[in-house]
Amino acid sequence: MRPKELDWSSPASLAKIMSAQLEILHIDYADLYLLPGPGPSTEALAQMWSQYERVLASGKTRSIGIANVTPSQIEVLLTKAKVVPHVIQD
């Protein structure tokens with residue numbers, strides 16, 4: 001489910017990645033789109049989270065969440081997030 005032509009390291013590519021995944025699965029939206037980890041820095045986490053917020057606003061997912069983060073990373077994210085994670089998974 002990783003189309004080779006997409007840049008998986010770029011937060012700006014998330015909408016294209018999500019669209020490709022939905023197309024592969026033959027569905028219009030996902031119930032939950034989960035950010036699997038914090039990335040190399042808290043700033044990178046915040047940048048990626050903003051892309052998840054855009055995907056949510058586009059209707060491609062009904063909820064967004066985050067996994068494998070520390071309480072301090074969540075606190076920093078919440079100061080920058082427009083949307084509070086619907087799911088926080090340890």
Participant: Run the side chain to side chain contact (heavy atoms under 4.5 Å, CB included) test on Val76 and Leu45 for me, step by step, so that the C-alpha distance in whole Å, both residues' side-chain angles and the decisive distance to 0.1 Å come before the verdict.
Facilitator: CA-CA 9 Å; Val76 171; Leu45 173 64; over 6 Å; no

Participant: Indicate the atoms forming the closest heavy-atom contact of Met18 with Ala30, along with that distance.
Facilitator: CE-CB, 3.7 Å

Participant: So, do Gln89 and Asn68 sit near enough that their side-chain heavy atoms are less than 4.5 Å apart?
Facilitator: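 Not touching, per the 4.5 Å side-chain cut-off.
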
Participant: With a 4.5 Å cut-off on side-chain heavy-atom distances among I, L, V, M, F, W and Y, is there a chain of contacts connecting Ile17 to Leu32?
Facilitator: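 Ile17 does not cluster with Leu32.
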
Participant: Tell me, please, which residues at least two apart from Ala46 pass side-chain contact (heavy atoms from CB on, under 4.5 Å).
Facilitator: Lys80

Participant: Does CD belonging to Glu53 count more than 12 external heavy atoms closer than 6.0 Å?
Facilitator: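 It does: Glu53 CD has more than 12 such atoms within range.
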
Participant: Are Val87 and Ile74 connected in the hydrophobic side-chain network, where two residues link if heavy atoms are under 4.5 Å apart?
Facilitator: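 Result: no, two separate clusters.
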
Participant: Look only at the side chain of Thr42 and the backbone of Leu77, and say whether a donor-acceptor pair between them is shorter than 3.5 Å.
Facilitator: no

Participant: Would you say Ser19's side chain and Lys16's backbone share a donor-acceptor pair under 3.5 angstrom?
Facilitator: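 No; zero donor-acceptor contacts below 3.5 Å.
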
Participant: So if you build clusters from Ile, Leu, Val, Met, Phe, Trp, Tyr with side-chain heavy-atom gaps below 4.5 Å, do Val84 and Leu34 land together?
Facilitator: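 Shared cluster, no.
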
Participant: Are the side chains of Val55 and Gln51 in touch, meaning some heavy atoms are under 4.5 Å apart?
Facilitator: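 In short, these two side chains do not touch, never coming nearer than 4.5 Å.
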
Participant: If you look at every heavy atom in Gly65 and Pro85, which pair is closest and at what distance?
Facilitator: CA-CB, 4.4 Å

Participant: Should Ile66 and Tyr52 be marked as a side chain to side chain contact (heavy atoms under 4.5 Å, CB included) after you check the CA-CA gap, both sets of side-chain angles, and the distance that decides it?
Facilitator: CA-CA 10 Å; Ile66 193 159; Tyr52 272 66; over 6 Å; no

Participant: Do the side chains of Trp49 and Ile64 get nearer than 4.5 Å, heavy atoms only?
Facilitator: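 Yes - at least one pair of side-chain heavy atoms lies under 4.5 Å apart.
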
